[in-house]
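Here's the structure we're looking at; comments come further down.
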Amino acid sequence: MGSSVKKVLVFAGSAREASLNKQLAKLAAKRIEALGGEATFIDLKDYPCPLFDEDIEARGVPENVLKLREILADHQAVMIASPEYNGFITPLLKNTLDWLSRPYQDTPGLKLFAGKWAALVAASPGGLGGIRALPLGQQLLANLGLVVLPQPLSLAKAGSAFNDSGALHDETTGQKLDALCQRLVDSLAATH
Ligand SMILES: Cc1cc2nc3c(=O)[nH]c(=O)nc-3n(C[C@H](O)[C@H](O)[C@H](O)COP(=O)(O)O)c2cc1C
């Protein structure tokens, strides 16, 4: 497992400047740190990757994919905050995970994900909080070989859910996020 320090890679399945899921991902990263873990937040807008196409791959894996591969290899868990688009995970999230799932040089396909922990959260300005895509995202992450934590969090009415310092107004939802972050930190600590 690479380094002995156990780190969580945190990102959102939306590249939008004002993304609510980026806000939620940043809060999750803060809470992971507060609960004794190490977290790295990255913005996928900083690593634009083309829509996956095996012809592009055959010509050479794009530089940003290689950068993301290096970053993922240095982490032992992921925390992903993604909106749902039409009840499904976003194309950005699917595309990113598809690129990262590919074999590269002497690293077999899916190797980067093998045995890593994953937690999923979702935010939406609507009343359902992106809840329909959560089981689909969990299934995808499990297919990739990650160990997915149960009880993902969905944040409804996310447009008014955050205070000025980026925390959640609603205490109960904040506690649910903390519980998920804590389970991720504890799972990592228990991994040899
Ligand atoms: C193509 C598309 C489909 C969407 N479908 C859903 C949906 O199924 N459920 C939902 O709650 N919101 C849906 N939305 C609204 C998003 O939740 C909203 O744009 C949200 O702010 C996107 O996440 P972000 O703030 O992290 O960018 C959709 C938005 C787009 C662009």
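Residue numbers run from 1 in the order of the sequence given. In what follows, every heavy atom counts, from backbone to side chain, and hydrogens, waters and symmetry copies are set aside. Note that ligands are numbered from 1 as they come in the structure, with each ligand's atoms numbered from 1 the same way.
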For ligand 1, is L128 a contact, meaning one of its heavy atoms is under 4.0 Å away? no
Expected output: side-chain Q76 to main-chain W117 donor-acceptor under 3.5 Å: no
If you take the nearest heavy atom of each of A12, P83, S124, S82, which one is closest to atom 22 (C) of ligand 1? P83
Counting from 1, what ligand 1 atoms have a heavy atom of N21 closer than 4.0 Å? 23 (O), 24 (P), 26 (O)
Could you tell me whether R102 and E54 have a side-chain N and a carboxylate O separated by less than 4.0 Å? yes
Quick test of your reading of the structure: of G87, A15, G130, whose heavy atom lies closest to atom 8 (O) of ligand 1? G87
Establish, from distance only, whether the side-chain atoms of N21 and S19 form a donor-acceptor pair under 3.5 Å. no
R16 neighbourhood, listing ligand 1 atoms whose heavy-atom distance to it stays under 4.0 Å: 21 (O), 24 (P), 25 (O), 27 (O)
Counting only heavy atoms not in I131 (residues, nucleotides, ligands), do more than 12 fall under 6.0 Å from its CD1? no
Within a reach of under 6.0 Å around NZ of K111, are more than 12 heavy atoms found that belong to other residues, nucleotides or ligands? no
For atom 5 (N) of ligand 1, what's the nearest protein heavy-atom neighbour? Residue, atom name and distance, please. N86 N, 2.8 Å
Just going by heavy-atom distances, which of E17, E84, K22, Q23 is nearest to atom 7 (C) of ligand 1? E84
Looking at P125, which atoms of ligand 1 are within less than 4.0 Å of one of its heavy atoms? 17 (O), 18 (C), 20 (C), 21 (O)
Atom 13 (C) of ligand 1 touched by protein (heavy atom, under 4.0 Å): yes
Counting only pairs under 3.5 Å, give me each side-chain donor-acceptor contact of residues 60-68, with atom names and distances, residues two or more places apart or in other chains.
residue : atom : partner : partner atom : Å
N64     : ND2  : P48     : O            : 2.9

Salt-bridge test for R59 and D55: reply yes if a basic N is under 4.0 Å from a carboxylate O, no otherwise. no
Is it the case that the side chains of Q139 and N143 hold a donor-acceptor pair, with the cut-off being a distance below 3.5 Å and no angle test? no
For atom 26 (O) of ligand 1, what is the nearest protein heavy atom, given as residue, atom name and distance? S19 OG, 2.5 Å
Can you find an N or O of L20 that's nearer than 3.5 Å to an N or O of ligand 1? yes
